[in-house]
2 protein chains.
Amino acid sequence: MKEKIAGTGLKVTHQRMVIYDAVLQMNFHPTVEQIYEDIQGENPSISLGTVYKTLETFVEYGLIDRVFTEEGVRRYDPNLEHHGHIYCTNTREIVDYYSEELNEIITGFFKKRKVNNLKIKNITLQINGDKIDPDKDITIK
Amino acid sequence: MKEKIAGTGLKVTHQRMVIYDAVLQMNFHPTVEQIYEDIQGENPSISLGTVYKTLETFVEYGLIDRVFTEEGVRRYDPNLEHHGHIYCTNTREIVDYYSEELNEIITGFFKKRKVNNLKIKNITLQINGDKIDPDKDITIK
DNA sequence: TTTCAAGTTAAGAATGATTCCTAAGTAATA
DNA sequence: TATTACTTAGGAATCATTCTTAACTTGAAA
Ligand SMILES: [Mn+2]
Ligand SMILES: [Mn+2]
Ligand SMILES: [Zn+2]
Ligand SMILES: [Zn+2]
């Protein structure tokens with residue numbers, strides 16, 4: 001983890017390691033506030049401003065990703081693999097959705113149908129819906 | 001247009017007609033502010049708060065759509081057909097992207113691979129990238 | 001037509017998420 | 001250890017969005 005941060009050219013600080021570690025641990029696409037609260041116990045002196053700045057720095061340097069939900073809420077994603085998101089409007093859960101097959105279908109499609117004059121950075125697929133039974137998980141297949 | 005609003009059960013007011021009309025006219029996925037500015041000339045008495053509220057009401061009643069860009073900016077979309085969005089990070093343009101073929105591919109995929117415990121409201125596909133020549137258009141195929 | 005209840009609006013205040021500022025602190029390097 | 005560039009805490013500022021409320025409209029009914 002130290003190496004990951006150093007690898008970008010960023011200085012390795014205590015704050016950055018704590019925040020990076022926290023995001024990696026949290027697999028539910030946390031908000032800034034959730035990350036801030038998570039680290040409060042062990043590191044009460046790290047300020048909210050630092051959490052904001054650090055997370056954006058990480059996104060900028062490609063260490064983590066950022067997602068906006070359908071409602072415009074900013075959430076962070078430690079998972080850099082290319083994957084889709086299922087968003088539940090009532091519980092506000094984000095469930096990762098991987099499918100090699102779907103990836104291939106979509107990238108294959110855009111290989112045929114070329115998008116001109118655009119350097120594609122990423123393609124995101126978001127499935128929005130409501131959980132039917134809020135106590136059960138969303139599962140695929 | 002009057003009928004469209006009335007059809008939802010909402011009362012037909014001057015403000016709603018003006019705002020609805022403005023959004024339909026604007027095919028570039030405007031922000032709240034852009035819509036507000038657009039109607040200022042003819043209707044300087046319609047307040048910004050009303051524009052906010054009215055647009056959200058329209059979204060709620062299914063008259064228009066709302067999109068968040070990769071940067072989290074709220075933009076409105078009069079186009080209710082199912083379509084994807086190409087977002088250019090440097091010019092902030094949103095280009096609509098229709099493809100019957102891609103629609104079928106994706107919906108077909110999720111027919112096979114069933115998502116359990118979720119009532120799907122919509123599936124959004126967003127292609128993010130940078131325009132290569134900012135003065136030329138983004139075109140497909 | 002007139003009346004009336006329910007719904008809508010303008011204006012401005014309030015909120016709240018995010019960004020900015022700056023002086024003090026720290027990491028990397030030699 | 002000294003130097004430099006970068007980073008941070010804390011708090012202020014910004015700014016998009018929401019809320020509040022009194023006045024006004026709409027649409028339906030009498
Ligand atoms: Mn947040
Ligand atoms: Mn806006
Ligand atoms: Zn994810
Ligand atoms: Zn569109």
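Just so it is clear: chains get the letters A, B, ... in the order the sequence lines come, proteins before strands, and each one is counted from 1. Quantities reported herein were computed from a predicted structural model and do not represent experimental measurements.
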Atom-pair distance (CD on A/E60; P on D/dT7), nearest Å
10 Å
Once the angle between the rings of B/Y20 and B/F58 is folded into 0 to 90°, is it parallel (under 30°), tilted (30 to 60°) or perpendicular (over 60°)?
perpendicular
Is a side-chain donor-acceptor pair under 3.5 Å present for B/Q25 with B/D38?
no
When the C1' atoms of the five terminal pairs at each end define the local axes, what inter-axis angle does the helix from C/dT1-D/dA30 to C/dA30-D/dT1 show, to 10 degrees?
30°
Expressed as a whole number of angstroms, how long is the span from B/E56:CD to D/dC19:P?
11 Å
Please state whether the phosphate of D/dT17, meaning OP1 or OP2, lies under 4.0 angstrom from any side-chain nitrogen or oxygen of B/R74.
yes
Can you tell me how far P of D/dT7 sits from CE of A/M17, to the nearest Å?
14 Å
Whether A/Y52 contacts C/dT18 is assessed here as follows: a side-chain N or O lying under 4.0 Å from the phosphate OP1 or OP2. Is that the case?
yes
Let's go through A/V32 and A/Y76 carefully: what are the C-alpha distance in whole Å and the side-chain angles of both, what is the deciding distance for side chain to side chain contact (heavy atoms under 4.5 Å, CB included) to 0.1 Å, and is it a yes or a no?
CA-CA 8 Å; A/V32 178; A/Y76 290 92; 3.6 Å; yes
Do the side chains of A/T69 and A/R92 get nearer than 4.5 Å, heavy atoms only?
no
Check this for me, if you would: do B/R66 and B/E56 make a salt bridge, where the nitrogen-to-carboxylate-oxygen distance has to be below 4.0 angstrom?
yes
Side chain to side chain, A/I140 and A/Y97, heavy atoms closer than 4.5 Å
yes
Tell me: OH of A/Y76 to P of C/dA17, nearest whole Å?
14 Å
To the nearest Å, give me how far apart CD (B/Q34) and P (D/dT17) are.
12 Å
Is there a side-chain contact between B/D65 and B/N79 in this structure, where contact means two heavy atoms from C-beta onward sitting under 4.5 Å apart?
no
When the distance from OH of A/Y36 to C1' of C/dG16 is rounded to whole Å, what number comes out?
15 Å
From CD of B/E71 over to C1' of C/dA17, roughly how many Å is that when rounded to an integer?
17 Å
State the CD1-CZ distance between B/I94 and B/R75, to the nearest 0.5 angstrom.
3.5 Å
How does protein reach along nucleotides 2-15 of chain C, written 5' to 3' as B (base within reach of a heavy atom under 4.0 Å), S (only sugar-phosphate), or - (no contact)?
----BSSBB-----
A side-chain contact here means heavy atoms from C-beta on lying under 4.5 Å apart; do A/D96 and A/E81 qualify?
no
Starting at atom CZ of A/F68, determine the distance to atom P of C/dA17, rounded to an integer number of angstrom.
14 Å
